[in-house]
Amino acid sequence: MYRQVDDFLQEWSSASNGTLQVLQALTDDKLDQSIIEGHSTLGWLGWHLVGAAGYFSYLAGLKVPSIRQEDPVPTTAAEIVTAYENVANGIKEEVAKLANEDLLEVVNGFTAPMPKGAILRVLIDHQTHHRGQMTVLLRQAGLPVPGVMGPTKEMQ
């Protein structure tokens with residue numbers, strides 16, 4: 001859980017930049033890549049990250065650009081990247097307006113009330129989880145995997 005706005009902002013900068021690198025590795029022709037048929041695709045996962053960031057922000061009381069749950073997955077990777085950039089920048093701007101005490105404010109969470117700082121922690125953890133799934137699918141699709149958490153095969 002975050003108790004200091006600056007701590008979240010520093011981690012968000014790194015986490016959102018890593019996610020952006022993964023999204024920028026997508027290509028239009030590989031958006032349908034999944035581990036096996038019927039599982040989450042690269043396009044769906046990327047779009048899910050956009051939507052989830054908006055949802056977590058909503059729970060934390062932030063006003064950021066978000067998509068609707070029923071919005072279809074875009075047909076171009078560029079649309080996913082742009083939407084993610086908008087929500088990620090919105091989160092940064094909105095959290096920068098908060099005071100440290102605001103992170104302790106209890107709001108309605110997923111299944112129970114929780115502090116805003118805890119919701120922001122889950123936002124980053126959720127994003128990291130799906131970003132990891134996407135790196136596996138990038139490799140499977142024959143696309144380069146960015147070195148988000150360290151060097152990858154393509155960087156050697």
Side-chain angles (χ1 to χ4, degrees), residues 2 5-98 107 109-111 116-156:
Y2 294 99
V5 169
D6 285 342
D7 290 345
F8 172 79
L9 290 174
Q10 286 180 21
E11 192 163 352
W12 181 247
S13 178
S14 176
S16 61
N17 183 52
T19 298
L20 187 57
Q21 288 177 53
V22 170
L23 294 174
Q24 289 169 333
L26 299 176
T27 60
D28 296 348
D29 63 323
K30 298 294 185 175
L31 291 180
D32 290 333
Q33 179 71 42
S34 64
I35 196 82
I36 60 171
E37 190 170 331
H39 282 252
S40 300
T41 65
L42 276 170
W44 185 89
L45 286 165
W47 197 234
H48 175 66
L49 287 175
V50 174
Y55 178 68
F56 285 106
S57 298
Y58 164 77
L59 291 176
L62 307 177
K63 292 179 175 40
V64 301
S66 58
I67 61 170
R68 299 173 308 151
Q69 188 71 20
E70 61 272 12
D71 288 345
V73 176
T75 57
T76 69
E79 290 176 81
I80 297 170
V81 169
T82 298
Y84 181 79
E85 287 173 325
N86 289 337
V87 73
N89 288 332
I91 290 169
K92 179 182 173 184
E93 291 169 8
E94 285 291 300
V95 171
K97 296 176 188 176
L98 298 176
V107 295
F110 309 102
T111 59
K116 286 183 182 184
I119 291 173
L120 294 175
R121 175 75 256 162
V122 175
L123 163 64
I124 288 182
D125 291 344
H126 179 262
Q127 178 176 256
T128 302
H129 163 71
H130 287 303
R131 189 176 67 209
Q133 291 176 315
M134 291 182 75
T135 61
V136 171
L137 294 178
L138 286 172
R139 174 85 65 228
Q140 185 182 23
L143 297 172
V145 177
V148 175
M149 303 294 289
T152 63
K153 176 183 169 185
E154 292 80 4
M155 300 172 81
Q156 297 175 355

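The structure displayed is predicted, hence computed values, not measured ones.
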Taking only residues two or more places apart in sequence or in another chain, which ones pass side-chain hydrogen bond (donor to acceptor under 3.5 Å, both in side chains) with [X]?
| X | result |
| --- | --- |
| Q133 | H130 |
| Y55 | none |
| E11 | Y2, R121 |

Of all the heavy-atom pairs spanning [X] and [Y], show the shortest one and how long it is.
| X | Y | answer |
| --- | --- | --- |
| A15 | I124 | CB-CG2, 4.2 Å |
| P146 | A25 | CD-CB, 4.2 Å |
| A53 | L123 | CA-CD1, 3.8 Å |
| L23 | V81 | O-CG2, 3.6 Å |
| H126 | A52 | CE1-CB, 3.4 Å |
| L49 | Q127 | CD2-CA, 3.7 Å |

Taking the side chain as C-beta and beyond, is there a heavy-atom pair between [X] and [Y] under 4.5 Å?
| X | Y | result |
| --- | --- | --- |
| Q24 | Y84 | no |
| L120 | W12 | no |
| T152 | T135 | no |
| M149 | R131 | yes |

| Residues forming a salt bridge (Lys or Arg N to Asp or Glu O under 4.0 Å) with D71, sequence neighbours excluded |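 If we apply the salt bridge (Lys or Arg N to Asp or Glu O under 4.0 Å) test to D71, skipping adjacent residues, the hits are R68.
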
| Set of residues satisfying salt bridge (Lys or Arg N to Asp or Glu O under 4.0 Å) with respect to E94, sequence neighbours excluded |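 Applying salt bridge (Lys or Arg N to Asp or Glu O under 4.0 Å) to E94 gives K97.
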
Taking only distance into account, with no hydrogens and no angle test, what donor-acceptor pairs under 3.5 Å do side-chain atoms of residues 38-46 form with protein atoms, sequence neighbours excluded?
from	atom 1	to	atom 2	distance (Å)
T41	OG1	L31	O	3.3
T41	OG1	W44	N	3.0

| request: Could you list all the side-chain hydrogen bond (donor to acceptor under 3.5 Å, both in side chains) pairs where at least one residue sits in residues 138-151, not counting sequence neighbours? | output: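 Found Q33-Q140, R139-E154.
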
| field | All ring pair (Phe, Tyr, Trp, His ring centres under 6.0 Å) counterparts of W47, not counting sequence neighbours | value |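 For W47 there are no ring pair (Phe, Tyr, Trp, His ring centres under 6.0 Å) partners, ignoring immediate neighbours.
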
| task | Please list, chain by chain and in numerical order, all residues satisfying ring pair (Phe, Tyr, Trp, His ring centres under 6.0 Å) with H129, sequence neighbours excluded. | result |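 Expected list: none.
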
| said: Between S13 and L9 (side chain of the first, backbone of the second, donor and acceptor by atom type, cut-off under 3.5 Å), is there such a pair? | reply: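 Checked: no pair found.
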
| Pairs satisfying salt bridge (Lys or Arg N to Asp or Glu O under 4.0 Å), at least one member in residues 14-41, at least two apart |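 Residue pairs passing salt bridge (Lys or Arg N to Asp or Glu O under 4.0 Å), neighbours aside: none found.
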
| task | Using the salt bridge (Lys or Arg N to Asp or Glu O under 4.0 Å) rule, collect all pairs that involve residues 52-61, keeping only residues at least two apart or in two chains. | result |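 Of all non-adjacent pairs touching residues 52-61, none passes salt bridge (Lys or Arg N to Asp or Glu O under 4.0 Å).
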
| How long is the span from the CD atom in Q21 to the OG atom in S16, to the nearest 0.5 Å? |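 Between atom CD of Q21 and atom OG of S16 there are 10.0 Å.
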
| message | Can you tell me how far apart CD1 (I80) and NE2 (H48) are? Round to the nearest 0.5 Å. | response |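 Atom-to-atom, I80:CD1 and H48:NE2 are 13.0 Å apart.
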
| task | State which residues pass side chain to side chain contact (heavy atoms under 4.5 Å, CB included) with V122; sequence neighbours excluded, sorted by chain then number. | result |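 Residues passing side chain to side chain contact (heavy atoms under 4.5 Å, CB included) with V122: F56, F110, M114.
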
| query | Could you go step by step and tell me if L138 and L26 meet the side chain to side chain contact (heavy atoms under 4.5 Å, CB included) rule? | reply | CA-CA 8 Å; L138 286 172; L26 299 176; 4.0 Å; yes

